[in-house]
Amino acid sequence: MTPDENLPGENVTPDPLHPAYTHLRNIYFEVDPEYSGRFTVPTLYDSKTKRIVSNESSEIIRMFYHEFDALLPEKYRKIDLLPEALRSEIDATNEWTYSDVNNGVYKCGFATTQEAYERAMHTLFAGLDRVEAHLASATGPFYFGETVTEADIRLYTTIVRFDPVYVQHFKTNIRDIRSGYPAIHRWLRLLYWDIPAFGETTQFEHIKKHYTKSHSQINPFAITPLGPLPDILAKGDEVIAMAAKSN
Ligand SMILES: N[C@@H](CCC(=O)N[C@@H](CS)C(=O)NCC(=O)O)C(=O)O
């Protein structure tokens with residue numbers, strides 16, 4: 001972004017190290033002028049060596065657990081998002097949630113044949129049903145019990161975008177979260193409303209505009225739909241059909 005752009009969000013500033021850079025691709029080209037791959041987020045950049053350390057989120061998330069502990073206040077150093085006792089369960093969960101849910105929405109949205117779209121939709125909604133069943137019978141409020149783990153973080157990024165973007169933009173519309181998945185909906189709102197690290201780093205305007213204005217093959221006129229409103233429901237609220245059902 002540039003200094004004259006007025007974008008919402010507290011930490012949305014031009015790159016402090018490279019004020020002239022307007023796009024992330026400037027970083028990729030600085031590192032390798034011949035670079036011909038995709039420019040993707042997240043990108044972890046080392047300002048001292050001026051190199052890209054990684055652009056793979058599953059690696060970056062794990063580097064963040066302890067690599068920067070020395071810079072953190074004690075209370076944050078103790079947070080363990082990948083407890084040893086849960087590690088194999090978390091790894092196993094990641095495997096199917098990544099392919100069926102996180103990447104599943106992209107496979108639906110970027111499908112270029114009816115058959116590919118329908119196949120991806122079947123996998124995605126089977127994956128969501130599996131997450132719903134797991135959360136409905138979970139022993140605590142989070143994916144694995146009483147504390148947040150990597151499993152919650154990795155699912156959250158897709159689920160929080162599901163109703164505002166994927167349902168219409170990627171045509172993942174068999175059900176939405178707010179009216180079709182009560183346990184996922186309860187879990188999502190707990191994370192968003194009660195845990196600042198989730199709510200404060202979710203910016204719906206960025207999310208909606210990014211997808212709807214950057215995929216011209218999907219949305220050639222770049223019109224951003226206004227709904228659904230609200231982006232996320234308050235904790236006690238339900239959509240009308242769901243509220244009627246629970247009465
Ligand atoms: N392997 C990467 C993929 C990241 C990825 O595809 N990011 C998307 C946004 S969620 C992106 O930057 N897309 C930009 C583009 O493809 O031009 C990861 O999961 O970290």
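When a ligand or atom number is given, it counts from 1 through the structure's own listing order.
Few gaps surround NZ on K208; more than 12 heavy atoms of other groups in view lie less than 6.0 Å from it. At most 12 heavy atoms of other shown residues, nucleotides or ligands fall within 6.0 angstrom of atom CG in L226.
For ligand 1, the protein residues placed under 4.0 Å by at least one non-hydrogen atom are R38, F39, T40, V41, P42, N55, E56, S57, Y106.
Side-chain N/O atoms of Y181 and D129 include a donor and acceptor closer than 3.5 Å. N26 and H23 share no side-chain donor-acceptor pair at under 3.5 Å.
Using a cut-off of 4.0 Å between Lys/Arg side-chain N and Asp/Glu carboxylate O, E238 and R189 are scored as salt-bridged.
Considering Q168, R178, H185 in turn, R178 is the only one that fulfils the side-chain hydrogen bond (donor to acceptor under 3.5 Å, both in side chains) rule with D163.
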